[in-house]
Amino acid sequence: MAELTTATAPEELAEEASAAVTPETVALRKVQGALAKPAVVKTARAMSLFGEHAGGWLAIGAVGALVDRKRRGEWLTAAAGVAAAHAASIAVKRVVRRRRPADPEVQVLVGTPSKLSFPSSHATSTTAAAVLYGGMTGKKLTPVLVPPMMVSRLVLGVHYPSDVVAGSALGGAVAWGVRRFMRRRRNRG
């Protein structure tokens, strides 16, 4: 025998939808509403492409190794640290399995290699690169590079705020470990 169902009133649907909206979703909506202008989106997409699989950051490490022959080993170690940070973010994503934002009011403005969101690999590798390459160059790269990459992931609608914060923290932790390793190695010989 067929089961009887009742139609859900539009008001109930609206209540269900608003009940599922988290503060992070609201924050994501606000960031997109305020910043997702054509020029910003274009820049965010370029940043996304540069940071995909940490490719741009790894290329910078390779250039550093080619140009700065005296510190070639350090540049390669720093680049390996960026790669390790990226790998760590992928490992955490596969354990946590948080889905990317799927709110109807959030536009996804760039393609992604997976549907997994936590942590942001772009924020992870950018933070690791900023810390490690900043240490190599003597420049404070973190405040210049990390916040724009974090915000770009929100503008593009592919991460929640906690994804980018956690990614940045993970990248910083990996970079801290790599810098410590590099210092010990330098002090030995």
Side-chain angles (χ1 to χ4, degrees), residues 24 27-28 31 35 40 43-96 98 100 110 112-114 116-189:
E24 282 203 288
L28 185 52
V31 168
L35 298 176
V40 174
T43 301
R45 284 181 176 152
M47 292 170 68
S48 182
L49 180 62
F50 178 86
E52 194 67 44
H53 304 296
W57 302 122
L58 295 173
I60 288 174
V63 169
L66 288 172
V67 172
D68 187 357
R69 291 181 182 189
K70 288 183 182 178
R71 298 188 302 166
R72 179 172 286 155
E74 290 180 55
W75 277 103
L76 293 174
T77 301
V82 172
H86 179 73
S89 73
I90 299 300
V92 173
K93 275 183 198 257
R94 291 189 176 166
V95 170
V96 174
R98 182 183 197 184
R100 291 191 187 272
V110 71
T112 59
S114 84
L116 302 178
S117 177
F118 184 92
S120 164
S121 295
H122 281 75
T124 303
S125 60
T126 299
T127 302
V131 170
L132 292 167
Y133 299 159
M136 296 291 300
T137 63
K139 301 199 183 303
K140 294 182 182 184
L141 299 177
T142 304
V144 176
L145 299 176
V146 177
M149 183 61 83
M150 292 171 73
V151 170
S152 78
R153 306 313 287 161
L154 303 178
V155 166
L156 295 173
V158 294
H159 284 289
Y160 293 102
S162 61
D163 298 339
V164 295
V165 170
S168 185
L170 177 59
V174 171
W176 176 82
V178 172
R179 282 185 72 171
R180 190 170 172 197
F181 168 79
M182 290 169 73
R183 268 188 244 118
R184 280 196 315 233
R185 195 170 168 191
R186 195 178 312 124
N187 290 338
R188 279 191 216 149

Give me the atom names and distance for the closest heavy-atom approach of [X] to [Y].
X: V146; Y: S168; result: CG1-OG, 3.5 Å
X: S120; Y: H159; result: CA-CE1, 3.4 Å
X: A130; Y: L145; result: CB-CD1, 4.1 Å
X: A123; Y: M150; result: CB-CG, 4.2 Å
X: L58; Y: A79; result: CD2-O, 3.3 Å
X: A44; Y: V155; result: CB-CG1, 4.4 Å

Passing candidate, salt bridge (Lys or Arg N to Asp or Glu O under 4.0 Å) with D68, options R71, K70, R72: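 Result for salt bridge (Lys or Arg N to Asp or Glu O under 4.0 Å) with D68: R71.
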Any donor-acceptor pair under 3.5 Å from [X] side chain to [Y] backbone:
X: T124; Y: G167; value: yes
X: S89; Y: H86; value: yes
X: T77; Y: G73; value: yes
X: R100; Y: V158; value: yes
X: Y133; Y: W57; value: yes
X: D163; Y: Y160; value: yes

Hey, does V178 have a side-chain heavy atom less than 4.5 Å from the side chain of M182?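 The answer is yes, as the side chains (C-beta and beyond) meet within the 4.5 Å cut-off.
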Donor-acceptor pairs under 3.5 angstrom involving side-chain atoms of residues 45-56: please list them, not counting sequence neighbours.
residue	atom	partner	partner atom	Å
R45	NE	L109	O	2.6
R45	NH2	L109	O	2.9
S48	OG	R153	NH1	2.9

Salt bridge R186-E74, side-chain N to carboxylate O under 4.0 Å: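 E74 and R186: salt-bridged.
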From [X] [atom1] over to [Y] [atom2], what is the distance, rounded to the nearest 0.5 angstrom?
X: L156; Y: L35; atom1: CG; atom2: CG; value: 11.0 Å
X: H122; Y: S152; atom1: NE2; atom2: OG; value: 7.0 Å
X: L132; Y: L141; atom1: CG; atom2: CG; value: 10.5 Å

